[in-house]
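See below for the structure under consideration.
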Amino acid sequence: MRMTAGTHPDYRWPDYRSTLTRGPSQPLVTIAPGPDDLAPLVVPATMLAPHDADLTRQSTGAPLGERIVVSGRVIDEDGKPVPDSLIELWQCNAAGRYRHPVDNHDAPLDPHFAGFGKTLTDADGNYRFITIKPGAYPWGNHRNAWRPAHLHFSLFGNVQAQRLVTQMYFPGDPLLAFDPIYHSVPAAARERLIAAFELGRTLEGVALGYRFDIVLRGRDATPPER
Amino acid sequence: MAGLTPSQTIGPFFAAGLRWAITATARAARGDEITIEGRVLDADGKPLADALVEVWQPATSGDALGGLQRIATDAGGGFRFHVARDAVQVNVVVLARGLLKAACTRVHLAADRVPAAVPPARVHTLVALPTANAGRFAWDIRLGGEHETVFFAL
Ligand SMILES: [Fe+2]
């Protein structure tokens with residue numbers, strides 16, 4: 001994952017407490033990318049199952065919650081599409097609970113919602129997931145700390161240097177104002193993490209539509225000035 | 001130029017969603033490989049039981065997903081992966097709750113392979129050391145503290 005000044009959070013962000021013991025504090029060492037960093041990454045389509053991109057159809061019944069479509073385009077910073085690249089998505093259910101052994105939030109699990117999926121971008125970098133809107137959940141970082149509703153995204157890009165792990169938020173969420181993880185991003189870049197509601201992407205009678213476009217490092221990017 | 005999408009933490013709850021590739025890329029050491037074992041540790045020396053380690057080598061025909069090995073650390077912060085004995089470059093990416101962006105490093109089997117840009121006093125943090133067991137090397141990833149591992153801005 002490449003670092004560019006002004007876009008990514010610093011490792012240490014005191015309002016997010018665990019960064020103080022887990023975030024490196026020594027300066028990063030700048031080196032030029034090696035051939036492996038720029039080697040093409042090909043993901044076999046055989047790794048995808050039919051309903052991997054539709055989290056509402058992975059069980060014998062429908063999950064509870066508001067159905068949504070989340071779609072967009074993955075491009076690089078030169079505006080070129082990032083085709084045939086792997087995107088992984090994971091999230092909590094509509095009640096704010098993850099299907100995960102260490103999630104002890106007192107909210108119900110949904111037997112029909114696993115909360116994860118994956119897909120490949122098409123030749124133009126487009127992707128689309130169908131899922132349900134995740135709930136907010138408390139996380140104990142500070143008094144009355146609640147995460148705004150979010151989807152976790154993991155992107156591989158076309159080369160290792162483009163790898164990105166991030167989170168997508170929803171427009172108008174009042175919890176964004178109080179979330180140190182969201183606020184760890186420099187102000188000028190923060191709103192890139194908020195999806196746009198679009199009637200044009202909405203499936204009439206089925207699911208509300210959100211657009212979330214994602215911009216990865218250019219394939220030939222040089223190390224940032226430090 | 002379009003504005004880059006910022007990084008956010010992987011959080012503590014990735015295990016179910018990302019397990020498929022942990023499973024798909026898990027394998028035994030090949031004939032020309034050695035095994036590297038260690039722990040991910042925080043600035044206080046406490047192990048991270050909820051870190052994801054991604055190891056990248058040049059892809060070979062037997063790989064499930066390029067040259068990737070994806071490992072979730074165990075309850076003691078432990079990980080294990082395999083690298084070619086003569087590897088030139090092994091990239092290691094650490095993702096975890098409390099890491100707002102990936103921590104990118106490299107592991108080497110000899111100090112003279114470490115990039116020249118690394119300060120001499122910190123070279124040892126990138127070198128896996130042989131153990132009493134043949135074919136097994138030891139290397140810890142320290143996110144802070146006196147022997148903090150060198151992380152790279154690529
Ligand atoms: Fe989350």
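What you see is a predicted model, and the numbers here were worked out from it, not measured in a lab. Every chain is numbered from 1, with letters handed out A, B, ... down the list of sequences.
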Chain A contacts, top residue of B/Ala15, B/Pro115, B/Gly66, B/Gly144 (heavy-atom pairs, under 4.5 Å): B/Ala15
Please rank B/Val118, B/Leu18, B/Leu100 by heavy-atom pairs under 4.5 Å with chain A and give me the top one. B/Leu100
Within-4.5 Å side-chain heavy-atom neighbours: A/Asp76 and A/Val215: no
Can you name the nearest heavy-atom pair linking A/His152 to A/His150, along with the distance? NE2-NE2, 3.1 Å
Which bit of B/Arg19 is near chain A, if near means a heavy-atom gap under 4.5 Å: side chain, backbone, both or neither? neither
Is any side-chain heavy atom of A/Lys118 closer than 4.5 Å to one of B/Trp20? yes
So which of B/Leu99, B/Thr149, B/Val150, B/Thr9 has the largest heavy-atom pair count under 4.5 angstrom toward chain A? B/Thr9
Sub-6.0 Å ring centroid separation between B/Phe79 and B/Phe81: yes
Taking the side chain as every heavy atom from C-beta outward, state whether A/Arg147 and A/Phe178 have any atom pair closer than 4.5 Å. no
For B/Gly3 and A/Arg192, the nearest pair of non-hydrogen atoms, with its separation, is C-NH1, 3.5 Å
Any idea which heavy atoms bring A/Asp110 and A/Asn93 closest together, and the distance? N-ND2, 3.4 Å
Contacting moiety of A/Ile214, where chain B heavy atoms sit under 4.5 Å: both
Is there a ring pair (Phe, Tyr, Trp, His ring centres under 6.0 Å) between B/Phe137 and B/His82 once you walk through the steps? CA-CA 10 Å; B/Phe137 285 66; B/His82 316 294; over 10 Å; no
When the 4.5 angstrom heavy-atom criterion is applied to B/Ala64 and chain A, the contacting part is both
Taking the ring of B/Phe14 and the ring of A/Phe116, is the distance between their centroids below 6.0 Å? no
Side-chain atoms of residues 43-50 of chain B: list all donor-acceptor pairs with protein atoms under 3.5 Å, sequence neighbours left out, distances to 0.1 Å.
| from | atom 1 | to | atom 2 | distance (Å) |
| --- | --- | --- | --- | --- |
| B/Asp50 | OD1 | A/Arg22 | NH1 | 2.9 |
| B/Asp50 | OD1 | A/Arg22 | NH2 | 3.0 |
| B/Asp50 | OD2 | B/Arg97 | NE | 3.0 |

Distance in Å, A/Arg163 CZ paired with B/Ser7 OG, rounded so as to fall on 0.5 Å steps: 10.0 Å
Do other residues, nucleotides or ligands put more than 12 heavy atoms under 6.0 Å from the CD atom of A/Glu191? no
Of all the residues in residues 43-59 of chain A, which have a heavy atom that comes within less than 4.5 Å of a heavy atom in chain B? A/Val43, A/Pro44, A/Met47
Run the side chain to side chain donor-acceptor pair (under 3.5 Å) test against A/His105 and tell me which residues pass, sequence neighbours left out. none
Is chain B contacted by the side chain of A/Ile75, its backbone, both, or neither, given a heavy-atom distance below 4.5 Å? side chain
Region of B/Arg142 in contact with chain A, defined by heavy-atom distances below 4.5 Å: neither
Does atom CZ (A/Arg128) have a neighbourhood of more than 12 heavy atoms from anything else shown, all under 6.0 Å? no
Can you check whether B/Val94 reaches B/Val40 side chain to side chain, under 4.5 Å on heavy atoms? yes
Chain B-proximal positions within residues 81-92 of chain A [heavy-atom distance under 4.5 Å]: A/Leu86, A/Glu88, A/Trp90
Given that the side chain runs from C-beta out, which part of A/Phe156 has a heavy atom under 4.5 Å from chain B: side chain, backbone, both or neither? side chain
What part of B/Glu148 gets closer than 4.5 Å to chain A, counting heavy atoms only: side chain, backbone, both or neither? side chain
Looking only at heavy atoms and a cut-off of under 4.5 Å, which of B/Ala51, B/Pro58, B/Ala21, B/Pro119 has the most pairs with chain A? B/Pro58
